[in-house]
Amino acid sequence: MSFWDQMQQMDRRWIYLMVGIAVIIPFIVPAKFPVSVTPEVQTFFDAVEALPDSSAVMLVFDYYPSTMAETTPMAVVGARHLFRKDCRIITLSNIPLGGPSLAEAVTREVAAEYGKVYGVDYVNLGYKYGYVSVLKGMGLSIESIFPTDNSGTPLSELPIMDSVKNYEDIAFVFEVADNATADYWISIVNAGYSVPMGVGATAVMAPKFYAFVGAGQIVGLLGGMKGAAEYEILLGQPDAAFRGMDIQSLVHLLIIGLVVLGNVGYFMGRQHKRGLKL
Amino acid sequence: MSGWEIFHIWLIAFFTLALFSFLYKDNPIYKIAEHIFAGLTAGYQVGLIWDTVILQKLWDPMIAGQWWLFVPGVLGILMFARFWSKYSWMSRVSLACVMGVTGGVFLTTQLHGLVLPQMQSTMIARTETVAGDVDAFDYNLSEFQVVEGARPDTVLFQLTDTVSEITPIPETQEHGGLNIESGSAAASKKWVDRTGDNRLLLSAIFRDSTELGIGEDYEVSFSIREHENANRKTTVLDKASVVSDGVVLTGLGQGRYKIEYAFDPGVSQALGDYDLQFEVNRKSTMFLLSIIVVVGVLSTLIYFYFSHEHVGILGATARVGIWFIMISFGAHFGYTVMGRVSLLIGRVQFLVEDWIGTFLQIWDFLISLLS
């Protein structure tokens, strides 16, 4: 059996081991690969930057804990940018498993950095079942859909909601999603109520959302951890996503190398078999 | 870090490593973690639906007097009729309601929110702002007033004084050779019926010191906004493109252009001060990209046309479609790899930064116990 045949039949666990080593190396020796900012992230950042101070913005946590490595950095950097601009943040989730808890954890952590007060500068509306009726209903009245916040306090007792009744009072929607709810925010809230919005999507979903950026339905797109890292750079606060980029680049190099090796092996192996037949 | 937090981190680390152990081979530890995860998820979901739907949306309002909610309640119960073959037909009533409502809601939202905008975007040639010194300007005319008209339901839009100098909006400084001509901004001095369809004519003249290049064009918009309120939500008239929304651009020769817009105020047009904003962008049509998009869409659609054998021109076009589909799959695959690696990074970041970080604290705790 030739070298190339052996490579073709390599146990996949060796590849897992190589990926594992590639992930751990940058923790020990940071490589500092460059991270460039894409136009989709730049326009997203510019749109948030252009919001008037103290605008009411919806920061939507439509993601499950299983994708938080990609999505939480987006939510964190978004909350930081909005609080830095003194915007009022209204969080909610259409995801029952973890969405409201993640919203609570992220906003409380970031609010502490900027000295923001719950109920005045931000609120967590929590989760309500049936995202289509929730999104449509908030166009008439947010309070009719969410009579209380996530911890049961009536919205009428929260000062932040005094001037926020429906989408008319929302300046921007910052949707962080790992599923199809982002489509409904675009088709119902953006198309139906003309609320400007940007989407932070997992990398798996990102290619689909380029079409929405191209059509002008969303102002920008954060695609996966890379998108979050770019936003962190623009905000001048590199954090978890930026730290992950070294690992990401190294693993990508490894995978590219393996793809090349696999293809070379395939063609060399075929050539070797032909040689044997002759 | 408290003992409880350390225990919490170790619990997460255990389940993370238990699930990763499957990479080596299937094993009982992995099975335990998998079953606990599935059980917790199902249990949490049932509890959540019970609380947020059954209690909050059905039972509590019914007890409070909204008795008519028993109708959806009964429809919900009918879904369980599927468990008995004799009565399973009854569940079709509920399913029919669900499908009817879903179809009605989704038809309009999907059509107007996704299908039509995407079709429009595919058919309209894409443009980009021309890079370089000459690209765009934004101007504000303050003290643009709307006052009571002579007759009921009429208003008069007027510039309070002759505008001899127009300053660019601070955050969007004037660029290169594009600038608006002093004293050229005007609003037709006539009463406008708020309930009728007669219109107010807004106009301004701008100059461009450089000639338009091949494929370049201007995109003009007018906005009327509440005075000194930059919030776009209060914009009375938002972006209007040259062709579709009635903004007319006329070349006056020697680099001078007149922009005009006929504005029909709404019935609710409030009196007061407004800012009138002009914006001109110098755009370049992205011919090549537009052609690629159109060819890609058509050839991909033809690939999925199965009512005729893919031979001849149809076959050749379908083969082009396959290339576009494969490129799309490639982009999806690349992003998927990135996504999966990101999830791995998240777990490894937790193990290295949080879990291993607790080792030192446990070591200190053990030393303090021994001493």
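Residue numbering restarts at 1 for every chain, and letters A, B, ... go by the order of the sequence lines.
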Per-residue contact mode, [X] against chain B (heavy atom under 4.5 angstrom):
{"X": "A:Tyr184", "value": "side chain"}
{"X": "A:Tyr210", "value": "side chain"}
{"X": "A:Ser133", "value": "neither"}
{"X": "A:Arg243", "value": "both"}
{"X": "A:Ala211", "value": "both"}

Is it the backbone or the side chain of B:Leu23 that comes under 4.5 Å from a heavy atom of chain A, or both, or neither? both
Atom group of B:Arg340 that falls short of 4.5 Å from chain A, counting heavy atoms: side chain
Note, [X] side chain near [Y] side chain (heavy atom, < 4.5 Å):
{"X": "B:Leu48", "Y": "A:Tyr129", "answer": "no"}
{"X": "B:Thr109", "Y": "A:Val132", "answer": "no"}
{"X": "A:Met205", "Y": "B:Tyr335", "answer": "no"}

Main chain of B:Gly113, side chain of A:Gln217: is a donor-acceptor contact present, judged purely on distance under 3.5 Å? yes
I need the [X] [atom1] to [Y] [atom2] distance, nearest 0.5 Å.
{"X": "B:Leu344", "Y": "A:Ile247", "atom1": "CG", "atom2": "CD1", "answer": "8.5 Å"}
{"X": "B:Phe20", "Y": "A:Tyr16", "atom1": "CZ", "atom2": "OH", "answer": "12.0 Å"}
{"X": "A:Met245", "Y": "B:Ser342", "atom1": "CE", "atom2": "OG", "answer": "5.5 Å"}
{"X": "A:Asp246", "Y": "B:Ile345", "atom1": "CG", "atom2": "CD1", "answer": "9.5 Å"}

For [X], is the [atom1] atom crowded, meaning more than 12 foreign heavy atoms sit under 6.0 Å from it?
{"X": "B:Tyr24", "atom1": "OH", "result": "no"}
{"X": "A:Met10", "atom1": "CE", "result": "yes"}
{"X": "B:Met62", "atom1": "CE", "result": "yes"}

Tightest non-hydrogen contact, residues A:Ala203 and B:Met338, listed as CB-CE, 3.9 Å
Quick one: closest heavy-atom pair of A:Phe27 and B:Gln349, and the distance? CZ-CG, 3.5 Å
